[in-house]
Amino acid sequence: MKKMSKVLGMVAVGACLALSASALQVQMGYPGSSYGMYQTGNGGEFTISPYGTESLNTSYYFASAKDIGVKGSVQTFCLEANEHVYGYPSAYEAVLNSSANHGGVDGGTDPLSQGTGWLVQQFATGVWDTSYALTYHYGTGRTTSASLLQKAIWMLEEESGYSYSSANMYAKAAFDKFGSWEAAKGGSASDYYVKALNLTKLGSTGRNDIDFRQDQVFYEGKSVPDGGMTVALLGIAMAGLAVLRRRSSKV
């Protein structure tokens, strides 16, 4: 019984670890410098890096889209034109989610579109779909590319003041890829392993209006989702229980 209790305890601990893995703390920007080397205007690219003892999954990021001056950092774009971040570097509570929270036109929960997922996946991996004449200048002219991609994301997420424009190469490519602008704004970014990094003020508890910060896009890569990890841990534990039962039946 003690052996079984120990395994059940491991199940509980494993499940808690898996569920808490989605909550972390991050830092944005460089000390006394900027929000990122290629950050322009109100949008990205922003540099997000781990805060304290945290770590980010950067293994799926293209070399030119990660570690921009900060080890383990990634480059991101914001999802909400009407929310802001303050000061650099600045630390935030962060949760990976399929939706932007609190920002946007209606201030509610806004699921990320497949158009956004498709574009961000290409940015993060550095593999652009040339059949839609897409390129991104990771070297010279990077801020220009960053500004265009940021605006396309705001268009796709229906941020106030940003409507579809075929003059934006990324927006037009999303239109062509999915057959219509409405289709590009629909679907799910999770199909492309892209989620929202919901930011709130570090140490905030009330989650009121002054706690919320500008949510960011984050490419997870083909990693096991938190729910999948929980299932995997439970499966391992159940297998262990089965072995123990077989052993006990032989005694």
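As the structure is a prediction and not an experimental result, all values here were calculated from the model.
- Side-chain heavy atoms closer than 4.5 Å link hydrophobic residues (I, L, V, M, F, W, Y) into clusters, and following such links, even through other members, never connects Met37 to Val217.
- Shown here are the ring pair (Phe, Tyr, Trp, His ring centres under 6.0 Å) partners of Tyr51, two or more places apart in sequence or in another chain: there are none.
- Under the 4.5 Å side-chain heavy-atom criterion for grouping Ile, Leu, Val, Met, Phe, Trp and Tyr, Val120 is connected to Trp181 within one hydrophobic cluster.
- The environment of Asp191 atom CG is dense: over 12 non-hydrogen atoms of other residues, nucleotides or ligands sit within 6.0 angstrom.
- When atom types are taken as modelled, the side chain of Glu159 and the backbone of Ala81 share a donor-acceptor pair closer than 3.5 angstrom.
- Scanning both residues, Tyr192 and Ser188, for their nearest heavy atoms gives CD1-O, 4.2 Å.
- By the rule that hydrophobic residues join a cluster once side-chain heavy atoms approach within less than 4.5 Å of another member, Phe62 and Leu56 end up as members of one cluster.
- Nearest heavy atom pair, residue Asp215 against residue Asn198, reads OD2-ND2, 2.9 Å.
- One finds the CG atom of Asn42 at 10.0 Å from the OH atom of Tyr35 (value rounded to the nearest 0.5 Å).
- For the pair Ser34/Gln39, no side-chain contact is recorded, criterion being any heavy-atom separation below 4.5 Å from C-beta on.
- Ring centroid separation for the pair Phe77 and Phe46 does not come in under the 6.0 Å cut-off.
- Grouping the Ile, Leu, Val, Met, Phe, Trp and Tyr side chains by contacts below 4.5 angstrom, directly or via other members, places Leu79 with Leu96.
- Put simply, the side chain of Thr116 never gets that close to the backbone of Leu112: no donor and acceptor are under 3.5 Å apart.
- For Trp118 and Tyr170, the ring centers sit 6.0 Å or farther from each other.
- Side-chain atoms of Gln150 come within 3.5 Å of backbone N or O of Cys78 as a donor-acceptor pair.
- Taking the six-membered ring for Trp and thresholds of 30 and 60 degrees, Phe218 and Tyr61 have ring planes inclined between 30 and 60 degrees apart.
- Side-chain atoms of Ser73 come within 3.5 Å of backbone atoms of Ile68 as a donor-acceptor pair (strictly under, hydrogens ignored).
- Considering only heavy atoms from C-beta on, Met155 comes within 4.5 Å of Asn168 through its side chain.
- Following chains of ILVMFWY side-chain contacts shorter than 4.5 Å, one can reach Tyr219 starting from Leu24, so the two form part of one hydrophobic cluster.
- Distance alone, capped at 3.5 Å, places no donor-acceptor pair between the Ser190 side chain and the Tyr193 backbone.
- When all heavy atoms of Ala174 and Ala184 are compared, the closest pair comes out as O-CB, 3.7 Å.
- Between Ala124 and Ala65, the shortest heavy-atom contact is O-CB, 4.0 Å.
- Distance check: Gln214 CD to Leu199 CG gives 8.5 Å after rounding to the nearest 0.5 Å.
- When the shell of 6.0 Å around NZ of Lys151 is examined, it contains 12 or fewer heavy atoms from other residues, nucleotides or ligands.
- Of the charged side-chain nitrogens involved, none lies within less than 4.0 Å of a carboxylate oxygen, so that Lys71 and Asp67 do not count as a salt-bridged pair.
- In this structure the side chain of Tyr30 reaches within 4.5 angstrom of the side chain of Val70, judged on heavy atoms.
- Closest non-hydrogen pair, Leu156 versus Gly115, comes out as CD1-C, 3.6 Å.
- Between Ser147 and Thr40, some side-chain heavy-atom pair lies under the 4.5 Å cut-off.
- The main-chain N or O of Glu220 is found under 3.5 Å from a side-chain atom of Asn57 such that the two form a donor-acceptor pair.
- At a threshold of 4.5 Å between non-hydrogen side-chain atoms, the residues Glu157 and Ser113 count as touching.
- Residues passing the ring pair (Phe, Tyr, Trp, His ring centres under 6.0 Å) test with Tyr136 are Phe123, Trp128, Tyr138, sequence neighbours excluded.
- The heavy-atom pair separating Ser145 from His137 by the smallest distance is OG-N, 3.1 Å.
- Proximity of Met169 to Thr135: side-chain heavy atoms (C-beta onward) are separated by under 4.5 Å at one or more points.
- Taking the side chain as every heavy atom from C-beta outward, Tyr162 and Ser160 never approach each other to under 4.5 Å.
- Annotation for Tyr86: hydrophobic cluster partners, listed by chain and number, are none (ILVMFWY side-chain heavy atoms under 4.5 Å, direct or chained).
- Proximity of Gln75 to Lys66: side-chain heavy atoms (C-beta onward) are nowhere separated by under 4.5 Å.
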